[in-house]
Amino acid sequence: MREVFRGARGRRVGYTIEQLNRLLRGWAAYYKWAEAGTLPKGFDQWIRRKLRCIIWRQWKRVDTRARNMMQRGLDEVRAWTSATNGHGPWWNSGASHMNICYPVPFFRQCGLVSLSDTVHRLRYSS
């Protein structure tokens with residue numbers, strides 16, 4: 001996972017998701033036999049937050065962040081307040097403004113595999 005996320009800063013998010021899907025499908029095959037049912041769901045949330053963190057870092061400048069958040073549906077005042085809040089990328093990736101701009105359906109549309117859904121499907125399909 002570290003190699004995928006470490007090299008993700010200079011790449012488009014779609015390519016990073018393609019690399020993640022390979023790992024997640026392999027992990028789903030492993031976790032279908034495990035008894036830990038809550039781990040994959042929390043892991044899905046962590047992956048989406050990490051992807052939002054990468055997006056925040058790729059934007060780099062305050063005006064780029066504000067403009068992109070406005071394009072994703074945030075009002076102008078909230079976008080500028082969020083872009084200039086002074087917090088780091090990890091904090092912002094978990095904040096509500098990034099969750100509004102990049103909700104779960106966005107990542108599904110990009111093709112991100114849900115580990116918990118895949119494990120559930122593999123456990124109960126046979």
Side-chain angles (χ1 to χ4, degrees):
M1 285 300 257
R2 283 187 182 165
E3 292 86 21
V4 172
F5 285 126
R6 188 171 293 148
R9 293 184 190 162
R11 298 184 190 138
R12 60 183 178 86
V13 176
Y15 182 75
T16 305
I17 288 174
E18 289 172 12
Q19 289 183 319
L20 276 174
N21 284 341
R22 294 180 197 159
L23 289 172
L24 293 176
R25 286 187 181 110
W27 285 9
Y30 169 78
Y31 278 115
K32 78 175 183 179
W33 302 109
E35 295 295 324
T38 58
L39 177 66
K41 185 175 183 179
F43 197 67
D44 283 338
Q45 294 169 352
W46 182 85
I47 288 172
R48 287 190 302 269
R49 184 170 180 175
K50 188 68 176 170
L51 288 170
R52 288 183 193 109
C53 184
I54 289 168
I55 292 168
W56 185 265
R57 282 189 173 132
Q58 285 178 348
W59 289 345
K60 293 184 182 177
R61 294 175 39 191
V62 172
D63 57 339
T64 306
R65 290 174 179 163
R67 185 179 64 245
N68 287 337
M69 284 189 283
M70 284 186 279
Q71 287 175 353
R72 300 284 307 166
L74 221 57
D75 63 285
E76 186 176 358
V77 174
R78 176 109 188 258
W80 278 102
T81 304
S82 302
T84 59
N85 63 17
H87 291 285
W90 185 251
W91 186 92
N92 278 296
S93 65
S96 62
H97 57 269
M98 285 299 280
N99 285 315
I100 291 170
C101 293
Y102 293 96
V104 176
F106 169 80
F107 293 110
R108 284 194 188 129
Q109 186 179 6
C110 287
L112 183 65
V113 173
S114 170
L115 187 59
S116 60
D117 292 345
T118 308
V119 168
H120 182 73
R121 186 173 32 86
L122 289 174
R123 277 185 186 167
Y124 300 110
S125 65
S126 51

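Numbers here simply count residues along the sequence, with the first being 1.
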In one Ile/Leu/Val/Met/Phe/Trp/Tyr side-chain cluster, 4.5 Å: [X], [Y]:
| X | Y | result |
| --- | --- | --- |
| W46 | V104 | no |
| V119 | L23 | yes |
| M69 | I100 | yes |

Quiz item: For N21, which residues count as a side-chain hydrogen bond (donor to acceptor under 3.5 Å, both in side chains) partner, sequence neighbours excluded?
Solution: none

Quiz prompt | Set of residues satisfying ring-ring contact (aromatic ring centres under 6.0 Å, His included) with respect to Y15, sequence neighbours excluded | solution = none

[X] side chain near [Y] side chain, heavy-atom distance below 4.5 Å:
| X | Y | value |
| --- | --- | --- |
| M98 | W91 | no |
| P89 | W56 | yes |
| N85 | W80 | no |
| H97 | R72 | no |
| F43 | L24 | yes |

Practice problem: Kindly check if the number of other-residue, nucleotide or ligand heavy atoms within 6.0 Å of CD (Q71) is above 12? | Solution: yes

Exercise. Tell me yes or no: between the side chains of R121 and S114, is some donor less than 3.5 Å from an acceptor?
Key: no

Quiz prompt | Distance-only polar pair, side chains of R52 and N99, donor-acceptor under 3.5 Å | solution = yes

Looking at every heavy atom in both [X] and [Y], which two are closest together, and how far apart are they?
| X | Y | result |
| --- | --- | --- |
| N92 | S82 | OD1-O, 4.0 Å |
| A66 | A79 | O-CB, 3.7 Å |
| D63 | R61 | OD2-NH2, 3.0 Å |

Self-check item: CZ on R65 to SG on C101, rounded to 0.5 Å
Solution: 12.5 Å

Self-check item: Point-to-point distance, once rounded to the nearest 0.5 Å, from CZ of R57 to CD1 of I55
Solution: 12.5 Å

Quiz item: Per the side-chain contact (heavy atoms from CB on, under 4.5 Å) rule, which among L115, V113, L112 passes with D44?
Solution: L115

Quiz item: What residue among V13, L51, I17 forms side-chain contact (heavy atoms from CB on, under 4.5 Å) with C110?
Solution: I17

Quiz item: On the ring face of Y102, is R48 found with NZ or CZ under 6.0 Å from the centre and within 45° of the axis?
Solution: no

Exercise. Would you please test W90 and R49 for side-chain contact (heavy atoms from CB on, under 4.5 Å) and show each step?
Key: CA-CA 8 Å; W90 185 251; R49 184 170 180 175; 3.3 Å; yes

